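Remarks on the structure that follows.
Keep in mind it's a predicted model, so treat the numbers as computed, not measured. Proteins get letters first, then strands, A, B, ... in listed order; numbering begins at 1 in each.
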2 protein chains.
Amino acid sequence: MDPTQSNEAAVPLYKQLADTLRQQIESGELNDQEPLAPERELALHYKVSRDTVRKAIRLLDEEGMIYSDHGRGTFITSAPLRDMAKAIGSFTLDTLRRGGVPGQKVLVFEKVTAGMAIASVLNIKPDTVLHHVKRVRLIDGEPIGIQDSWLCLPKGQGFSREQLERKGSLYRLLVEDLQIQPSVALESIGSILACEQDVALLNLDKGAPLLLCERVTMSERRVPIEYCEMRYGPSYRYKNKVTQWGGN
Amino acid sequence: MDPTQSNEAAVPLYKQLADTLRQQIESGELNDQEPLAPERELALHYKVSRDTVRKAIRLLDEEGMIYSDHGRGTFITSAPLRDMAKAIGSFTLDTLRRGGVPGQKVLVFEKVTAGMAIASVLNIKPDTVLHHVKRVRLIDGEPIGIQDSWLCLPKGQGFSREQLERKGSLYRLLVEDLQIQPSVALESIGSILACEQDVALLNLDKGAPLLLCERVTMSERRVPIEYCEMRYGPSYRYKNKVTQWGGN
DNA sequence: TAGTGGTCTAGACCACCCC
DNA sequence: GGGTGGTCTAGACCACTAG
């Protein structure tokens with residue numbers, strides 16, 4: 001627990017501590033709704049300052065692993081709730097959690113120039129060259145949804161169809177191969193009737209209702225990097241966590 | 001900027017500072033994508049520690065108002081993105097932002113005993129008494145969605161139909177009248193065909209696709225307080241912000 | 001009243017970006 | 001090299017909860 005020595009990796013102390021605690025929780029060393037050790041005690045035990053402990057706790061809180069009650073203690077979220085929180089934002093993890101095998105079939109892989117609509121949401125000039133990828137998402141080989149992605153990558157960066165098919169996940173390709181870390185995405189979600197192509201690709205009945213999700217993904221500098229349209233059949237459920245309360 | 005004196009309200013310093021900065025941004029004193037003053041400078045100017053400044057900045061970051069870049073500075077999110085972030089999680093705010101007038105029509109207001117399904121998601125014993133409220137949501141008087149809520153309130157607490165109709169918002173009723181602050185909600189979102197009742201209430205065509213959103217809302221102590229089923233017609237778009245990346 | 005989390009401070013050093 | 005945000009510390013006091 002010392003990032004100055006062995007500055008290999010150089011993971012911050014509070015992240016190391018969070019990893020340690022996360023592992024303890026997931027391995028069942030600590031039971032649901034049981035209190036964690038008090039912050040001061042953890043600080044003493046791991047030989048870090050209380051502030052560092054608090055940062056680790058905050059991280060785990062944001063992940064939905066634990067929560068703090070003023071004056072009472074810090075408690076472990078119940079296992080069902082933890083599982084649900086983990087499934088959020090990840091087709092792959094959610095599928096695995098339900099015991100399914102995630103997959104994809106790449107239908108279209110091309111470079112295109114941005115039209116007005118996409119240029120507008122990505123905040124770029126029309127006719128900028130984009131990567132366009134159209135995929136069918138599979139669970140246990142069954143088609144579940146269609147994803148149309150338009151990516152605006154930094155000049156000189158790109159990837160091949162084979163690279164994407166090997167990774168199996170566009171997100172992992174961005175992070176691992178292109179060093180691009182998505183930080184925030186804004187989504188607009190609605191319903192729509194399946195068109196003929198949707199019916200054919202997803203193996204649905206005519207007139208089936210679809211979940212339509214449009215997403216703009218931004219890098220850490222809040223530069224839009226991807227616009228994505230997703231269509232899911234009625235059997236898929238999108239998971240979400242709400243933490244902002246404006247006054248519904 | 002001193003909570004020890006005039007301990008009226010006793011709003012923490014970093015929240016006061018966040019309010020100040022938020023107001024400056026919204027009033028246009030600072031322009032989009034312009035850098036904020038450096039943290040050390042803000043600390044000096046407002047006579048607080050740098051750590052307090054950082055807490056305020058973190059708060060505004062979570063709200064989507066600003067973002068920080070290591071080594072470069074802290075910048076103001078562009079206005080369109082700020083607006084979109086503000087609309088999240090709030091039917092009322094989103095509607096107002098689009099220039100509409102939000103409304104509601106209460107269809108059902110009753111006390112019921114929990115069935116097995118609802119008892120399970122709310123983590124309570126079956127036959128516990130719940131408030132059941134069914135409403136149609138309106139924009140400019142037009143029906144947009146149907147919401148079915150089951151509320152599990154602390155013993156002795158309750159509210160009347162008139163109270164709800166006066167507030168116009170179940171959320172505000174919880175916070176202002178019952179001192180219950182929602183902290184996290186987990187949602188499962190999918191699509192479904194409108195049934196006969198949906199068609200009639202929302203004034204849709206037969207076979208219209210609906211957005212179905214099921215939500216469990218929890219209090220600050222992670223006690224489930226509400227289960228809600230929402231059905232929206234194709235004209236409504238649900239807004240969402242994604243900040244967790246597990247590996248899509 | 002004792003114990004917990006929440007806020008605040010002052011100062012230090014590191015990591016990153018850009019000139 | 002100079003300026004920025006990111007991490008870390010040690011200690012103080014406040015606010016809330018529970019026995």
- Item | Whether A:W150 and A:H132 hold their rings parallel, tilted or perpendicular, with breakpoints at 30° and 60° |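 Parallel, since the angle between the ring planes stays under 30°.
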- Query: Can you say whether the rings of A:H131 and A:F159 are parallel (under 30°), tilted (30 to 60°) or perpendicular (over 60°)?
  - Reply: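 Plane angle under 30°, so parallel.
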- Message: Could you tell me the Watson-Crick or G-U partner of D:dG5, where both distances fall under 3.5 Å? Say none if there is no partner.
- Response: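 Answer to the pairing question: C:dC14, which forms a Watson-Crick or G-U pair with D:dG5.
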Rounded to whole Å, how long is the line connecting atom [atom1] of [X] with atom [atom2] of [N]?
| X | N | atom1 | atom2 | value |
| --- | --- | --- | --- | --- |
| B:L42 | D:dG3 | CG | C1' | 15 Å |
| B:D69 | C:dA15 | CG | P | 18 Å |
| B:R54 | D:dT7 | CZ | P | 7 Å |
| B:Y67 | D:dG5 | OH | P | 13 Å |
| A:E39 | C:dG6 | CD | C1' | 8 Å |
| B:R58 | C:dT7 | CZ | P | 12 Å |
| B:L60 | D:dG5 | CG | P | 14 Å |
| B:I57 | D:dG5 | CD1 | P | 7 Å |

- Is A:R58 paired with A:D61 through a side-chain N to carboxylate O contact shorter than 4.0 Å?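 Salt bridge between A:D61 and A:R58, a charged N being under 4.0 Å from a carboxylate O: no.
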- Query: Can A:H70 be classed as stacking with the base of C:dG6, given a centroid separation cut-off of 5.5 Å and a plane angle cut-off of 30°?
  - Reply: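 A:H70 vs C:dG6: stacking no.
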- Indicate whether OP1 or OP2 belonging to D:dT7 is found under 4.0 Å from a side-chain N or O atom of A:Y14.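 Yes, because at least one side-chain N or O of A:Y14 sits under 4.0 Å from OP1 or OP2 of D:dT7.
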- Side-chain N or O of B:T74 closer than 4.0 Å to phosphate OP1/OP2 of D:dG5: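 Yes, within the criterion.
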- Message: Can you identify which nucleotide, out of C:dC18, D:dT7, C:dT4, has its nearest atom closest to the B:R72 side chain?
- Response: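 Shortest atom-to-atom distance from the side chain points to C:dC18.
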- Query: Do any N or O atoms from the side chain of B:R161 and from the backbone of B:V106 form a donor-acceptor pair under 3.5 angstrom?
  - Reply: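 Yes, because the side chain of B:R161 sits within donor-acceptor range (under 3.5 Å) of the backbone of B:V106.
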- Task: Compute the ring centroids of B:Y14 and B:Y46, then answer whether they are less than 6.0 Å apart.
- Result: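 When the ring centroids of B:Y14 and B:Y46 are compared, they turn out to be at least 6.0 Å apart.
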- Look at atom CD of A:E110 and say whether more than 12 heavy atoms of other residues, nucleotides or ligands are closer to it than 6.0 Å.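 Result for CD/A:E110: enclosed.
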- Task: Using the closest heavy atom to pick a nucleotide of DNA chain D for each, name whichever of B:G71 or B:R221 lands nearer the 5' end.
- Result: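 That would be B:G71.
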Polar pairs (N or O, both sides) under 3.5 Å between protein and nucleotides 9-12 of chain D?
| residue | atom | partner | partner atom | Å |
| --- | --- | --- | --- | --- |
| D:dT9 | OP2 | A:S49 | N | 2.7 |
| D:dT9 | OP2 | A:S49 | OG | 2.9 |
| D:dT9 | OP2 | A:T52 | OG1 | 2.5 |

- Task: Using the salt bridge (Lys or Arg N to Asp or Glu O under 4.0 Å) rule, collect all pairs that involve residues 64-77 of chain B, keeping only residues at least two apart or in two chains.
- Result: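 Pairs touching residues 64-77 of chain B that pass the test: A:R221-B:D69, B:D69-B:R72.
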